[in-house]
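Step one of this worksheet: look at the structure below.
All heavy atoms count here, side chains included; hydrogens, waters and symmetry mates do not. Remember, predicted model here, so these are calculated numbers, not experimental data.
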Amino acid sequence: MKTTGISRRIDDVGRIVIPREIRKTLGIKAGDPIEIFTHDREIVLKKYDGLGGAVERLYSEFSSVRNDLDEETADQIYRHIEALRKAVQSIGEE
């Protein structure tokens with residue numbers, strides 16, 4: 001993770017401002033959806049990349065644990081992920 005040296009305070013209703021420089025660097029514009037994750041004791045913000053992006057992250061995570069699974073289970077999971085990929089493509093959200 002790269003530090004920016006920028007800090008912001010949370011306002012009375014829990015909002016923070018993402019600095020213009022960071023939004024510009026990441027291609028985030030007003031109105032863009034943002035996903036919010038937690039990891040350990042951190043909050044992670046990520047530009048929402050649609051259902052297709054979620055399926056690709058799922059595939060990536062699966063790839064990292066595939067060798068820990070028995071072959072039949074791994075093949076079943078892979079087939080389900082491929083079906084999700086095709087479904088996402090068919091609705092036009094790649």
>> Is there a path of hydrophobic side-chain contacts, each under 4.5 Å between heavy atoms of I/L/V/M/F/W/Y residues, joining I34 to I43?
In response: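 In one cluster: yes.
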
> Do Y48 and L26 sit in the same hydrophobic cluster, where Ile, Leu, Val, Met, Phe, Trp and Tyr count as joined when their side-chain heavy atoms come under 4.5 Å apart?
Replying inline: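 No; L26 is not reachable from Y48 via cluster members.
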
Report all side-chain donor-acceptor pairs from residues 5-19 shorter than 3.5 Å, counting only partners two or more places apart or in another chain.
unit_1: D11; atom_1: OD1; unit_2: V13; atom_2: N; d: 3.0
unit_1: D11; atom_1: OD1; unit_2: G14; atom_2: N; d: 3.1
unit_1: D11; atom_1: OD1; unit_2: R15; atom_2: N; d: 2.8
unit_1: D11; atom_1: OD2; unit_2: R15; atom_2: NE; d: 2.8
unit_1: D11; atom_1: OD2; unit_2: R15; atom_2: NH2; d: 3.0

> Taking S90 for the side chain and A87 for the main chain, is one N or O donor matched with an acceptor at less than 3.5 Å?
Replying inline: yes

> Any donor and acceptor pair, going by atom type alone, linking the side chain of D70 with main-chain N or O of E72 inside 3.5 Å?
Replying inline: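 Flag set: sc D70 to bb E72 pair under 3.5 Å.
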
Mind checking the [atom1]-[atom2] spacing from [X] to [Y]? Nearest 0.5 Å is all I need.
X: T25; Y: R23; atom1: OG1; atom2: CZ; result: 10.5 Å
X: R66; Y: T73; atom1: CZ; atom2: OG1; result: 10.5 Å
X: K47; Y: K29; atom1: NZ; atom2: NZ; result: 4.5 Å
X: R85; Y: L51; atom1: CZ; atom2: CG; result: 12.5 Å
X: L45; Y: I22; atom1: CG; atom2: CD1; result: 9.5 Å

> How far apart are the closest heavy atoms of G27 and D32, and which atoms are they?
Replying inline: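 In this case the closest contact between G27 and D32 is O-OD2, 3.6 Å.
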
> Side chains of L84 and Y59: closer than 4.5 Å at any heavy-atom pair?
Replying inline: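 SC-SC contact between L84 and Y59 ruled out.
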
